[in-house]
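We number each residue from 1, following the sequence as shown. Source: prediction; values computed, not measured. Basis for what follows: all heavy atoms, side chains included, without hydrogens, waters or symmetry-related copies.
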Amino acid sequence: MTLTLVDRTRCTDAATGKGADASPGQGVVDPGAAPEQEKSPDSAPRRAAGREADGLAVASFVLGLVGLLVFNIVLGPMAIVMALLALTRRTRRRGRAFLGLALGVADLVVLAALVTANGTVAWSIGG
């Protein structure tokens, strides 16, 4: 089953000859063809970049949060890079990107504290 969208205003204008530049084949929509979308040339890439930047902001927040517990040597720098990328791409989730940046820095601070206290990069709870 296929769904075919037809622009009825173009078909009726072409059939009645209302358009000033109406020609016999102009305005008729092929039922099997994909519908035309009128949009500015920059709207699609800008929208995709906005979604990507929002995703980077959320990913940096999550990686920074998880990095406080495990793999802070890897996840901390990744959170920082993703947050900076999201901020340069003008994300709408600026707060989340700043939190990801702060958590990434906190990951590195926790790593430095673990290395100085225990001499290792692992948590040591208990004796």
>> A side-chain contact here means heavy atoms from C-beta on lying under 4.5 Å apart; do Leu56 and Thr91 qualify?
In response: no
>> I need the minimum non-hydrogen distance between Asp107 and Leu63, along with the two atoms involved.
In response: OD2-O, 3.9 Å
> Considering only heavy atoms from C-beta outward, does the side chain of Ile80 approach that of Leu108 to under 4.5 Å?
Replying inline: yes
>> Counting C-beta onward and ignoring hydrogens, is there a side-chain heavy-atom pair between Asn72 and Leu114 closer than 4.5 Å?
In response: yes
> So which heavy atom on Phe61 is nearest to which on Leu99, and how close?
Replying inline: CD1-CB, 3.8 Å
> Just wondering, do Phe98 and Leu87 contact through their side chains at under 4.5 Å, heavy atoms?
Replying inline: yes
> Heavy-atom distance under 4.5 Å between the side chains of Ser60 and Leu101, does that happen here?
Replying inline: no
>> Rounded to the nearest 0.5 Å, what separates atom CD in Glu52 from atom CG in Asp54?
In response: 10.0 Å
> If you look at every heavy atom in Ala86 and Ala53, which pair is closest and at what distance?
Replying inline: CB-O, 3.4 Å
> At their closest point, which heavy atom of Ala79 faces which heavy atom of Gly104, and how far apart are they?
Replying inline: CB-CA, 4.0 Å
> Between Ala59 and Met82, what is the shortest heavy-atom contact and its length?
Replying inline: CB-SD, 3.7 Å
>> To the nearest 0.5 Å, what is the distance between CG on Leu75 and CG on Leu69?
In response: 10.0 Å
